[in-house]
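Numbers here simply count residues along the sequence, with the first being 1.
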Amino acid sequence: MFENMVRVEERFREMEAELSDPAVIADLARYTALLKERKNLEPVVTTYREYRKAEENYNGARALLNESGVEKELRELAAEEAAETEARMQQLADELKILLLPRDPNDEKNVIVEIRAGAGGEEAALFAGSLLRMYTMYAEAHGFKTDVMSENATGLGGYKEVSFEVSGDGAYSRFKFESGVHRVQRVPETESQGRIQTSTCTVAVLPEAEDVDFELNPADLQIDTFRSSGAGGQHVNKTSSAIRVTHLPTGMVVECQDERSQHKNKDRALKILRSRLLEIEQEKQQAEIAGARRAMVGTGDRSERIRTYNFPQGRVSDHRIGLTLYKIDAIMNGDLDEVIDALITADTAKKLEAAGGESER
């Protein structure tokens, strides 16, 4: 690990020199790429330099302990410093192991979150609305921006399905473990006899695709326009601003009708389509990865029930890591950090275990 760190630090110094080069500064694309690479390496290099400083202090304390004729008080101070710096070195080494794990290339991307009502009829649609509110509040608490891209609302304020974008640095890293089936157990608003009902919603979290990630061939697209439905006044009845994009090779269809502008609806539909197709390609790649490399927190299979929200008992249980919290009101109000941090910790532990197994071989 430390042999690798010597090379990493050398690369970091090279980048710092390049970033002060006028020729590099004039090349916006190169300059931006270097800034991004430097941002990724900076915490690694900073931690490594702290480790080396602690190591120097440790070696100095050990050398003092090995000298003859050192006064008792000074020897005790040296022994204390040696113990403290040794513990600090171990802590920094553990941090470096985590920082050097392969990064998910999508972690810094924006995400598109799709919520679909499953079993449970209108109650499932209402729960979809609850999840939308929960994720929106969580995103806002972390400084992310949210934007509803498409929705199919019900008369009681729920959603048969809703898609929204979360934008901001690290959005995917905070949302990526939410994909799967979410189950709710509660007394529906429509239930007059107070009976508990179990309903489900499916959540899909897609890293926002960039043009370089998945190239859409215009010849593969069929684009149709139609009149928007639902609220909107006279504009709805007079213009065909809604867009339906069909990807002919796969038969995948995306509709957008939330914007007044046909151009904006087309842009949104293409963004959603590109992200869905990228997800399919990534799932193909993930299927080829050995099971030992898969994260403990699940494969991302949408048929997998990942979490239960039990309102009568006030608890939320994440079945992938066996976590149960009795703070359902706070969680539904966007306080998801304890759940998401636990999922990230479990995923990191699994990756460390896999990395340890590979190093032994």
Donor-acceptor contact below 3.5 Å, side chain [X] vs main chain [Y]:
X	Y	value
Asp347	Leu343	no
Arg186	Phe311	no
Thr250	Met252	yes
Asn310	Gln313	yes
Ser317	His319	no
Arg133	Ala128	no
Gln185	Ile196	no
Asp224	Ile243	no
Arg116	Ala204	no

In terms of ring plane angle, is the pair His142 and Phe144 parallel, tilted or perpendicular, where the classes change at 30° and 60°?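 Rings of His142 and Phe144: parallel, under 30°.
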If the plane angle is over 60° it's perpendicular, under 30° parallel, otherwise tilted; pick one for Tyr135 and His182.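 It falls in the perpendicular class, over 60°.
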Report the distance from atom [atom1] of [X] to atom [atom2] of [Y], rounding to the nearest 0.5 Å.
X	Y	atom1	atom2	value
Leu270	Ile223	CG	CD1	5.5 Å
Met5	Thr47	CE	OG1	8.0 Å
Thr308	Ile328	OG1	CD1	10.0 Å
Ile340	Phe175	CD1	CZ	6.5 Å
Gln257	Phe226	CD	CZ	5.0 Å
Leu336	Ile331	CG	CD1	6.5 Å

Closest approach of Glu55 and Met89, non-hydrogen atoms and distance? CA-SD, 3.7 Å
Stepwise side-chain contact (heavy atoms from CB on, under 4.5 Å) check, Met134 with Asn333: CA-CA 5 Å; Met134 176 183 77; Asn333 284 326; over 6 Å; no
Does Val111 form a side-chain contact (heavy atoms from CB on, under 4.5 Å) with Leu206? I'd like the steps, not just the answer. CA-CA 5 Å; Val111 297; Leu206 318 175; over 6 Å; no
Is [X] salt-bridged to [Y], cutoff N-O under 4.0 Å?
X	Y	value
Asp318	Arg305	no
Arg244	Glu255	yes
Glu140	Lys145	no
Asp341	Arg174	yes

Going hydrophobic residue to hydrophobic residue with side-chain gaps under 4.5 angstrom, can you get from Tyr58 over to Leu65? no
Indicate if Val253 and Ile280 have the same hydrophobic cluster label, given that clusters are the connected sets of ILVMFWY residues with side-chain heavy-atom separations under 4.5 angstrom.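 Each belongs to a different hydrophobic cluster.
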With side-chain contact (heavy atoms from CB on, under 4.5 Å) as the test, would you mind laying out the steps for Gln90 and Glu86 before giving the verdict? CA-CA 6 Å; Gln90 184 59 54; Glu86 186 176 25; over 6 Å; no
Please tabulate, for the side chains in residues 150-165, all donor-acceptor contacts under 3.5 angstrom to protein atoms that are two or more places apart in sequence or on a different chain.
residue	atom	partner	partner atom	Å
Thr154	OG1	Glu122	OE2	2.8
Thr154	OG1	Gly158	N	3.0
Thr154	OG1	Gly158	O	3.4

Yes or no on side-chain contact (heavy atoms from CB on, under 4.5 Å) for Leu221 and His247, after CA distance, side-chain angles and deciding distance? CA-CA 5 Å; Leu221 303 178; His247 186 246; 3.9 Å; yes
Show the atom names and distances, to 0.1 Å, of all donor-acceptor pairs under 3.5 Å that link a side chain in residues 15-38 to residues at least two apart or in another chain.
residue	atom	partner	partner atom	Å
Glu16	OE2	Arg38	NH2	3.1
Glu18	OE1	Arg30	NH2	3.1
Glu18	OE2	Arg11	NH1	3.0
Ser20	OG	Ala17	O	2.8
Asp21	OD1	Ala23	N	2.9
Asp27	OD1	Ala29	N	3.4
Asp27	OD1	Arg30	N	3.4
Thr32	OG1	Leu28	O	2.8
Glu37	OE1	Arg11	NH2	3.1
Glu37	OE2	Arg11	NE	3.1
Arg38	NH1	Glu42	OE1	3.4

Take Arg62 and Glu67 through the salt bridge (Lys or Arg N to Asp or Glu O under 4.0 Å) test and state the conclusion after the steps. CA-CA 9 Å; Arg62 292 299 305 174; Glu67 287 184 14; over 6 Å; no
Glu84: partners by salt bridge (Lys or Arg N to Asp or Glu O under 4.0 Å), with sequence neighbours left out: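 Listed in chain order: nothing, the list is empty.
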Apply the test salt bridge (Lys or Arg N to Asp or Glu O under 4.0 Å) to residues Glu114 and Arg276: give CA-CA distance (whole Å), side-chain angles for both, the deciding distance (0.1 Å), then the verdict. CA-CA 10 Å; Glu114 300 180 346; Arg276 289 180 181 175; 2.9 Å; yes
Would you say Tyr51 and Arg88 make side-chain contact, with heavy atoms under 4.5 Å?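 Heavy-atom side-chain distance check fails, nothing below 4.5 Å.
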